[in-house]
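Notes follow once the structure below has been shown.
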Amino acid sequence: MKVALTIVLFLILSCPGYCQNEIAFVPTPVNFIIKNAGLKVNGFIEGLEGFILMDSQTGSPIKIEGTIEPNTIQTGITLRDNHLKKTDYFNVKEFPKIRMTSTSITKKGKGKYIGNFDLVIKDVKKNIEIPFTLSSKNNMHTLKGEFSINRLDFNLGEKSIVLSDNVTVKIEFKTASE
Amino acid sequence: MKAKIFVVLTSLLSFVLLISFTVIRISEIPKVWDIEQLKSMHLPYPDTSVKLGFFSEDYYNKLPERVSYKTYPFYMPGSEPKGYYDSLAKLEPVENFEEKDLKTEADWIKAGQLIYELPQNFNRLDSAMLANLPAIAKKWQATGIHANRKGIIPFVVISVRKKGTLEIGTFSCGMCHTKQMPDDQLLYGAQGNFVGDRFGNILAISNPNFEKLSLENKLKVFYNFNQRLYHTPWIKNEYQENYKKLKAEDIATSYYGILPGVQSRGGASFDHPISIPDLYNLKDRKYLDKSGHNLNRGIEDIMRYATLNQTLNLMSSYGDFMPDPRPPDPSKYTVGKFSDAQLYALAKFLYSIKTPKNPQKFPAKLLQKGKTIFVEQGCVTCHTPPLYTNNKLTPVDGFESPRSHFKKYDIFDVSVGTDPGLSLYTRRGSGYYKIPSLIGAWNRTAFLHDGHLATLEDMFDSARLSPDYTPTHFRPLGVAQMAVPGHTFGMELKPEDKKALVAFIKSL
């Protein structure tokens, strides 16, 4: 009896799986902005597949992971989109997915977090810090964040006098109802 | 006293140093005929089994060099001063390019203009031709070839290479690459508007020796001429066969379709002329020719390009085919070659050409709007300032860039969908078209590489994608309507936005 109680207590305290809840993201585009010849170009990439692993007890995220498909990139100009899929940019034939996986998540306030993520574009992996918010309503969660990357770090194109190196990425992921 | 000597010596030393920086030594002239450089200058053909071959350096050195002689204006027959040709016949030939006299950069540029205007083709102006000139003039005038206000036909000259022998000289570099403006001003380096093909064709067929030939022999001459210029034996395509469709009676009008701004380029295809490029900012252009099949790594490649196209490439080997047989004794090659010094001078002149500004002015607001549209529509991605080209090559439809090309060449890996024929089916093929600069576009009359469109507005007209479109510029023989595909950007813009975009491009 004592042994059984100990085991149950252990299970409750350690919360392996029982207190965690993996919730899939609803497919939403990842938006980005880049300056081209001084003007902002807005684009997005679709094909989101991912999840957020929530701690049921604390309501905080434990892990966030997702992939998107650069083959779906759209910037409003078909020729530009086709070029971005080619070898000198996203090389979608060889690298069909962009992946982001959290390596740590730190709470900074109510609904506010800082996550460190391994971002993999083509064959380059970089760890980046992304501040984000997480809100919940009607058993659905919304994750919002914004970060910048230097496209040259990921071998996306070459140095250009018109195309900025910096890309601002805006994410707004929603989960399905729990 | 000592101070005076010091001042004099210092001044002398300064003068010598100043001169030494401005004097171009003969030893600075790059070597033109370097076989390895010639080979690496050329992009491979889409059919990589075909190898381009060049004659040896020794053969090159033995080819006779052209002499630049002073030339004289050629008047529209009937407009020349009285006794003009008699007076020319009494003149001694005057050599006007002396390498030893060229000391400074300015000297070389001035001499380079002489080479730029040096004719390559000569038609003997004997008594029979002189008698024929008025009739020939009527044919020229009927096809739109006119004289300037002084009665002179620009870009055509009278050459005196031997006393008493007059020749009509044509096909200088300047004939295609100079534009005569409405006020008779000549703009060097512009897309030329003299229809040399029509002029030359009429001159050739009006030659009494040609006129005497039977129809069958006339056709043979015509076929041989076209085979020499265009035959590309490894290609089985209409691009290589089209001149064979002509009958003898069509020869006289075979070039009537050629319009200002396009030229029947050797190594291309009969009835598929190429729009003449302008030569602005030549130093900064990475590729030469519409197909970008020649690299431009420096002045030496400009020199090589010039000598190959005027006309040593006819003695190159394309696999087993050679357009012109090489004389066993190179010294007997009557066409001759430019000397390396002449080529250097020519390149210096080309480098010196300044881009003319459009005299037409546009409202600042319209230009700003056009500039914004230029960026929003993505034009800036390919037509990147300051050259308004990103100096890259785009693959044509039907060609996939080998991986090795991405390391060697500047590839913008998206086709814009224009007619791939020039780049796939001719001796100038590479599988690519280079992205042209838009600088000077205001002064062009033939757009796209094949010159089917007359204006920038036509570029943005979606009607041209339809097979019942009437091209506003060059049309192949017997063709009234055809689609002009490719480069479909800007077609969805509202009329006022197109107007702004065109104004911006015309301001470059």
Side-chain angles (χ1 to χ4, degrees), chain A residues 29 31-45 69-96 98 121-124 149-168 170, chain B residues 284 286 368-397 399-418 432-433 435 438 485-493 497 501 504-505 508:
Chain A
N31 296 295
F32 63 86
I33 303 169
I34 188 168
K35 266 196 171 176
N36 191 21
L39 292 188
K40 286 183 183 173
V41 173
N42 292 288
F44 59 85
I45 298 176
E69 294 172 7
N71 189 46
T72 63
I73 191 167
Q74 288 191 46
T75 63
I77 294 173
T78 308
L79 179 115
R80 180 163 59 198
D81 298 342
N82 290 340
H83 184 221
L84 291 171
K85 296 174 192 175
K86 293 288 178 111
T87 320
D88 47 343
Y89 278 87
F90 286 100
N91 193 2
V92 300
K93 268 189 191 169
E94 219 172 305
F95 305 103
I98 294 171
I121 301 177
K122 296 203 303 190
D123 54 357
V124 178
I149 59 166
N150 184 328
R151 61 179 177 86
L152 300 177
D153 290 343
F154 295 92
N155 299 322
L156 297 174
E158 56 190 18
K159 192 79 182 161
S160 165
I161 59 171
V162 289
L163 187 64
S164 173
D165 297 347
N166 287 326
V167 186
T168 302
K170 295 188 176 190
Chain B
D284 300 317
K286 282 189 173 181
Q368 186 52 50
K369 183 179 179 183
K371 188 177 180 182
T372 303
I373 293 168
F374 188 80
V375 174
E376 284 174 349
Q377 290 297 303
C379 313
V380 73
T381 306
C382 294
H383 298 288
T384 313
L387 294 176
Y388 290 88
T389 170
N390 60 8
N391 253 328
K392 295 192 179 193
L393 305 172
T394 60
V396 301
D397 287 344
F399 180 75
E400 186 152 341
S401 310
R403 284 202 88 119
S404 58
H405 282 203
F406 288 94
K407 289 181 186 162
K408 284 178 84 170
Y409 310 119
D410 306 275
I411 312 290
F412 187 88
D413 194 20
V414 179
S415 169
V416 296
T418 51
Y432 302 99
Y433 287 129
I435 294 170
L438 296 180
H487 197 282
T488 55
F489 314 106
M491 286 187 173
E492 305 299 317
L493 290 171
D497 289 345
L501 179 59
F504 174 71
I505 296 171
L508 300 175

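Only heavy atoms go into these numbers, but all of them, side chains included; no hydrogens, no water, no symmetry mates. Labels below follow one simple rule: chain letters A, B, ... track the order of the sequence lines, proteins then strands, and each chain is numbered from 1.
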Side chain, backbone, both or neither of A/L163 within contact of chain B (heavy atoms, under 4.5 Å): neither
Under 4.5 Å from a heavy atom of chain B, the part of A/N36 involved: both
Side chain from CB out, backbone as N, CA, C, O: work out which of these in B/F374 comes under 4.5 Å of a heavy atom of chain A, or both, or neither. neither
What part of B/S401 gets within 4.5 angstrom of chain A, counting heavy atoms only: side chain, backbone, both, or neither? neither
Decide if atom [atom1] of [X] counts as having more than 12 heavy atoms of other residues, nucleotides or ligands within a radius under 6.0 Å.
X: B/K369; atom1: NZ; value: yes
X: B/K392; atom1: NZ; value: yes
X: A/K85; atom1: NZ; value: yes
X: A/K35; atom1: NZ; value: no

Distance-minimising heavy-atom pair for B/E376 and A/R80: O-NH2, 4.4 Å
Which atom names give the shortest non-hydrogen contact between B/P385 and A/I161, and what distance separates them? O-CD1, 2.9 Å
Quick one: does A/S160's side chain get under 4.5 Å of B/N390's, heavy atoms only? no
Determine which residues belonging to residues 150-159 of chain A lie within contact range of chain B, meaning some heavy atom pair is under 4.5 Å apart, and list them by number or answer 'none'. A/E158
Inter-residue atom distance B/H405.NE2 - A/T87.OG1, 0.5 Å rounding: 13.0 Å
Between OG1 on residue B/T381 and CD1 on residue A/I77, distance to nearest 0.5 Å: 6.5 Å
For the interface with chain A, which of B/F406, B/F412, B/F489 has the highest count of heavy-atom pairs at distances below 4.5 Å? B/F412
Top contributor to chain B contacts, counting heavy-atom pairs under 4.5 Å, from A/V41, A/T75, A/L79: A/L79
